[in-house]
Amino acid sequence: LKKRSKRPDVIFRKPDRFIWLRLGIVAVSLFIWQYLVWRGGKITLVLPSPLEIIKGIWVQISSGTILPHVGVTFYEVLIGYILAIGFGVGFGLILGGFRYLTDVFEPILLAAYTIPKIILYPIILMIFGIGINSKISLAAIHGIFPILLGTIVGSKGVNRTFIRVAQSMNARSFQIYWKVYLPCIVLPLFVGLRIGLSLAIIGAIIGEFFEAKIGLGYLISYYQSRASISQMYVVITLIIIIVLSVNEVMRRVELWLTRWKV
Amino acid sequence: LVINAPSKIFWGCFEKIISGEFFSRARITGLEILISFAITLVLGTSLGILLWELKDMGKVLESFVMIFYSVPTILFYPLFAVSLGIGIAPVICVAVIMGVLPIILNIRAGLTDVQPVFLNVARSMNANRRQIFFKVLLPAATPIIFSGIKMGFVFMLVGVLSMEFLIPFDGLGYLVYWGYFIFDTVTLYAGITYIILISVGALYILTLIEKKIKKA
């Protein structure tokens with residue numbers, strides 16, 4: 001889990017001095033892309049131009065064809081993510097609270113984190129069927145490991161003295177969790193929550209892609225089967241915009257929650 | 001029907017090895033892993049060093065690499081499958097993109113974070129650029145660089161194995177797909193077991209190497 005050295009004070013920090021250079025690079029690369037497609041040739045077969053993609057996104061949203069798919073995927077990610085948080089934080093607190101359990105389970109969980117979870121999808125499909133339940137479980141399985149590991153890493157780092165001090169002041173156990181544990185583990189926990197959310201989104205979409213009747217992943221595979229590449233780009237661009245903005249929001253919240261840390 | 005007993009899975013794995021199916025499939029997977037890792041390493045190292053050399057410009061470009069890092073690359077795979085065809089090429093493409101980003105970021109971070117004192121000492125001893133790079137910068141940055149390579153390898157492995165499952169043509173991932181497709185749970189579980197063993201084994205070996213490097 002990454003460490004951050006500089007912490008801005010507010011959520012909406014001022015852009016740094018490189019902002020124009022960044023925007024310039026983006027503009028130039030988009031222009032080159034547009035130019036390559038305008039020039040025509042073989043590349044138009046596999047790559048639509050940026051303007052076409054923007055137009056496609058507008059058409060998809062204004063005609064409303066994409067909305068039910070977004071809704072279903074959102075529902076799957078939401079339920080899967082809630083499950084992942086519940087189990088992840090719960091087990092994480094239990095495992096992280098006891099030195100022995102942490103030492104036993106952390107290597108196992110790290111190893112499980114690196115397994116490509118999509119490989120387990122056939123088993124999930126056989127258990128839950130091809131409805132949305134299988135996508136919810138795939139999203140939850142994708143999301144749970146970073147959350148679990150973040151909680152464990154966090155509660156391992158809680159200073160025992162703080163807990164003793166709280167106990168000597170007659171704090172109840174829920175007070176200890178709320179006032180001592182939570183502030184201490186908030187940084188690693190939130191890193192886990194952020195990574196877990198983007199993994200849960202990936203899990204749900206990949207699950208839909210493989211076997212589904214509705215959802216954003218299904219939409220991509222539908223356009224793939226009809227070989228309409230520009231529409232595939234439209235849906236994928238939309239997904240990427242969603243994931244990036246979710247990630248950015250989570251990162252800002254993370255900075256804001258931990259602004260008192262050095 | 002759905003959950004198999006471990007003993008049955010074990011014998012299934014064993015049978016696949018005896019019949020030679022395991023080796024013919026694993027050869028493709030191994031080939032993909034080797035090619036992807038070679039490309040990932042060369043590309044990641046050179047781009048990382050390039051970004052470090054570019055100083056401020058590298059900082060700007062780094063933020064783009066970071067953005068790419070949080071984009072789920074695996075979602076691009078239908079595009080690669082359509083434009084490169086079903087086969088080994090899209091697998092390697094996705095795996096390389098997934099693996100190369102942490103290596104670039106960590107090499108740049110590792111080289112940038114080397115304490116300036118080391119560099120000043122080396123310069124005061126009249127070391128030339130080449131000597132500074134190989135004798136001072138590289139050893140000082142090795143732990144960070146290696147953890148980047150480890151992450152890159154793990155991501156690349158995930159890329160290869162899941163792509164084989166998603167674009168079924170051959171390899172161990174195909175075993176899982178085929179087992180699901182014809183509802184042959186023994187094959188399915190055997191494939192899953194091989195893949196889990198490979199990823200856990202790779203992680204274990206990398207962790208051992210990392211420990212050795214940290215000790216040195």
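The sequence lines fix the lettering, A, B, ..., with proteins before strands; numbering per chain opens at 1.
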Would you give the length of the straight line joining atom CZ of B:F68 to atom CZ of B:F64, rounded to the nearest 0.5 angstrom? 9.5 Å
For chain B, which residues from residues 109-117 of chain A have at least one heavy atom closer than 4.5 Å to it? A:L110, A:A111, A:T114, A:I115, A:P116
Are B:F37 and B:F153 close enough that their ring centres sit under 6.0 Å apart? yes
The interface call for B:V154 against chain A, heavy-atom contacts under 4.5 Å, is side chain
With only heavy atoms counted, which part of B:L161 is less than 4.5 Å from chain A, the side chain, the backbone, both or neither? both
In terms of heavy-atom proximity below 4.5 Å to chain A, should B:A202 be classed as side chain, backbone, both, or neither? neither
Tell me, side chain or backbone of A:I240 under 4.5 Å from chain B's heavy atoms, or both, or neither? side chain
What part of A:I236 lies closer than 4.5 angstrom to a heavy atom of chain B: side chain, backbone, both or neither? side chain
Give a yes or no on whether A:Y75 atom OH has more than 12 heavy-atom contacts from other residues, nucleotides or ligands under 6.0 Å away. no
Pick one of side chain, backbone, both or neither for A:F209, based on which atoms fall under 4.5 Å of a heavy atom in chain B. side chain
Under 4.5 Å from any heavy atom of chain B, what part of A:I123 do you find: side chain, backbone, both or neither? both
CG/A:L238 to NE2/A:H69 distance, rounded to the nearest 0.5 angstrom? 12.0 Å
Checking heavy atoms, do the side chain of B:I192, its backbone, both or neither come under 4.5 Å from chain A? both
Part of B:Y177 lying under 4.5 Å from any heavy atom of chain A: side chain
Please state whether the side chain, the backbone, both or neither of B:L188 comes within less than 4.5 Å of a heavy atom of chain A. side chain
With a 4.5 Å limit on heavy-atom distance, are the side chains of A:L47 and A:I229 in contact? no
Using a cut-off of 6.0 Å, state whether more than 12 heavy atoms not belonging to B:F169 lie near its atom CZ. yes
Any side-chain heavy-atom pair of B:T207 and B:Y204 under 4.5 Å: no
Interface moiety of B:I198 toward chain A, non-hydrogen atoms closer than 4.5 Å: neither
Which atoms of A:L125 come close to chain B, meaning under 4.5 Å heavy atom to heavy atom: side chain ones, backbone ones, both, or neither? side chain
